[in-house]
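Written out below as structure tokens is the structure these notes cover.
For ligands, and for the atoms within them, numbers begin at 1 and follow the listed sequence. One-based numbering along the sequence shown.
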Amino acid sequence: MHTAAALSRLGTESAFEVLARASLLSAEGRDIVNLGIGQPDFATPEHIVEAAVRALRDGAHGYTPAAGLPALREAVAADLHRRNGADVDPGHVIVQPGGKPSMFFAVLCFGEPGAEILYPDPGFPIYRSVIDYTGATAVPVPLTEATGFALDADAILSRITPRTRLVILNSPANPTGGVTPKTQIDALVAGLERHPHVAVLSDEIYSRMLYDAREHVSLLSYPQIRDRLILLDGWSKTYAMTGWRLGYAVWPRQLVEPVTRLCINDHSCVNAAAQHAGIAALTGPQDAVEAMMARFDARRRAIVPALNALPGVTCSDPAGAFYAFPNISGTHLTSHAAQDLLLDRAGVATISGTAFGAMGEGHLRLSYAASMERIEEALSRMAALLDEGPPRH
Ligand code: PLP
């Protein structure tokens with residue numbers, strides 16, 4: 001076989017590998033606390049499940065339009081208007097099987113050898129992976145702990161060259177929980193006006209997951225860049241629907257037709273019942289989302305002080321999402337060594353910060369999408385292990 005070179009450039013998401021290792025250890029009878037995977041541990045709200053069941057019973061068994069059911073695209077536009085005050089043409093909303101495919105297609109629209117694409121580091125690993133796949137040059141924009149891992153407008157703008165085609169933004173962020181303040185977004189948008197050749201992919205999949213009464217600032221609220229903005233969001237995190245595979249992006253007019261063609265070539269459409277569930281999620285009661293966030297917040301308030309109490313570990317408050325990103329450099333372990341040690345010796349699955357880019361060295365990602373009891377168990381096992389002192393080589 002002679003496979004395409006691009007295949008070897010495609011990266012991966014270590015969370016899935018850690019999940020596989022953790023499952024293997026569980027199958028061997030080990031009690032593993034999984035703080036590795038980034039998915040809510042709650043059930044999808046009942047009325048959403050019910051809408052999918054009803055759709056199947058009512059005969060929603062066929063293909064739908066490639067970009068999604070018109071009612072779903074309208075519900076997305078109405079939801080975005082409600083939340084961000086932005087006018088969104090439902091015809092620009094393309095529904096896909098999860099948030100990831102919008103990311104992949106956005107990068108496919110711009111990436112090729114000679115092109116440069118900026119992405120956050122540490123950041124969601126798929127950005128870098130798919131940029132590399134296209135042969136474009138992946139340009140990391142470092143995020144630092146000092147700013148709470150917020151995006152820094154100057155750091156982005158100073159990396160733009162005539163070859164830059166796309167800038168990827170993510171707030172609230174995975175893996176850091178960082179939230180970018182409006183002042184930085186204002187400055188970024190103002191700066192981007194000097195670079196009209198640069199498009200923006202704003203990954204706002206955690207837009208409903210903010211703490212301390214923070215308000216989400218969507219890139220959608222900047223009309224100056226609407227003609228080159230791809231806004232990614234979805235149902236996976238907000239409604240605990242990761243396995244349903246349902247997400248969307250709002251595309252600039254110029255990309256709606258080519259991206260619809262990508263959908264037709266790739267998956268035809270998202271499964272119909274999931275789309276009906278998506279309508280119910282957006283148009284139905286939102287109290288389950290609020291209840292879930294209250295639970296996440298309580299866990300956040302427990303996990304951060306517990307991490308700070310560990311020897312060699314410091315952790316700042318995540319402002320959004322459901323990840324803690326502690327600094328472990330005081331343990332004198334590399335991130336990868338800490339990940340392996342915690343899994344093998346303490347039975348606690350976490351993800352090495354380096355899985356999210358070189359700037360993640362010295363950090364671990366802990367997802368607090370686990371019950372308070374399991375989080376407490378994980379932290380007490382981590383304390384017992386780290387109290388033993390630095391491992392002897
Ligand atoms: N964007 C970010 C920043 C994420 O963390 C994730 C999932 O972990 C996604 C997108 C993808 O979400 P989905 O499961 O809907 O593909």
For ligand 1, which is the ligand I care about here, please tell me if L246 has any N or O atom under 3.5 Å from one of the ligand's N or O atoms.
no

Y211 ring center within less than 6.0 Å of F296 ring center
no

Could you list the atoms of ligand 1 found under 4.0 angstrom from a heavy atom of S236?
13 (P), 14 (O), 15 (O)

N or O pair under 3.5 Å between N170 and ligand 1:
no

Looking only at protein heavy atoms, which one is nearest to atom 8 (O) of ligand 1, and what is the separation?
K237 NZ, 2.6 Å

Can you find an N or O of T242 that's nearer than 3.5 Å to an N or O of ligand 1?
no

Can you check which of Y323, Y127, Y206 brings a heavy atom nearest to atom 4 (C) of ligand 1?
Y206

Where is the nearest protein heavy atom to atom 6 (C) of ligand 1: which residue, which atom, and how far?
F124 CZ, 3.6 Å

Any ion pair linking R159 and D154 (charged N to carboxylate O, less than 4.0 Å)?
no

Those atoms of ligand 1 less than 4.0 Å from some heavy atom in G98:
15 (O), 16 (O)

Under a plain distance cut-off of 3.5 Å, with no hydrogens placed, do S171 and E204 share a side-chain donor-acceptor pair?
no

Is there a donor-acceptor contact under 3.5 Å linking the side chains of N327 and T314?
no

Give the atoms of ligand 1, by number and element, whose distance to some non-hydrogen atom of G99 is under 4.0 Å.
13 (P), 15 (O), 16 (O)

Is the CD atom of E215 crowded by more than 12 outside heavy atoms at less than 6.0 Å?
no

R128-Y119 side chain donor-acceptor pair, cut-off 3.5 Å:
yes

Donor on one side chain, acceptor on other, Q39 and S236, under 3.5 Å
no

Salt bridge check: are R73 and D89 linked by an N-O gap of less than 4.0 Å?
no

Does ligand 1 have an atom under 4.0 Å from some heavy atom of F356?
no

Are R208 and Y239 close enough that a side-chain donor and a side-chain acceptor fall under 3.5 Å?
yes

Specify the protein heavy atom at minimum distance from atom 14 (O) of ligand 1: its residue, its atom name, and the distance to 0.1 Å.
R245 NH1, 3.0 Å

Distance under 4.0 Å to a non-hydrogen atom of M103: what atoms of ligand 1 satisfy this?
1 (N), 10 (C)

Considering only non-hydrogen protein atoms, determine which one is nearest to atom 1 (N) of ligand 1 and report residue, atom name and distance to 0.1 Å.
D203 OD2, 2.6 Å

Do Q339 and S352 have side-chain atoms, one donor and one acceptor, less than 3.5 Å apart?
no

Please list, in number order, the atoms of ligand 1 under 4.0 Å from a heavy atom of K100.
11 (C), 16 (O)

What is the closest protein heavy atom to atom 12 (O) of ligand 1, and at what distance does it sit?
I205 CD1, 3.9 Å

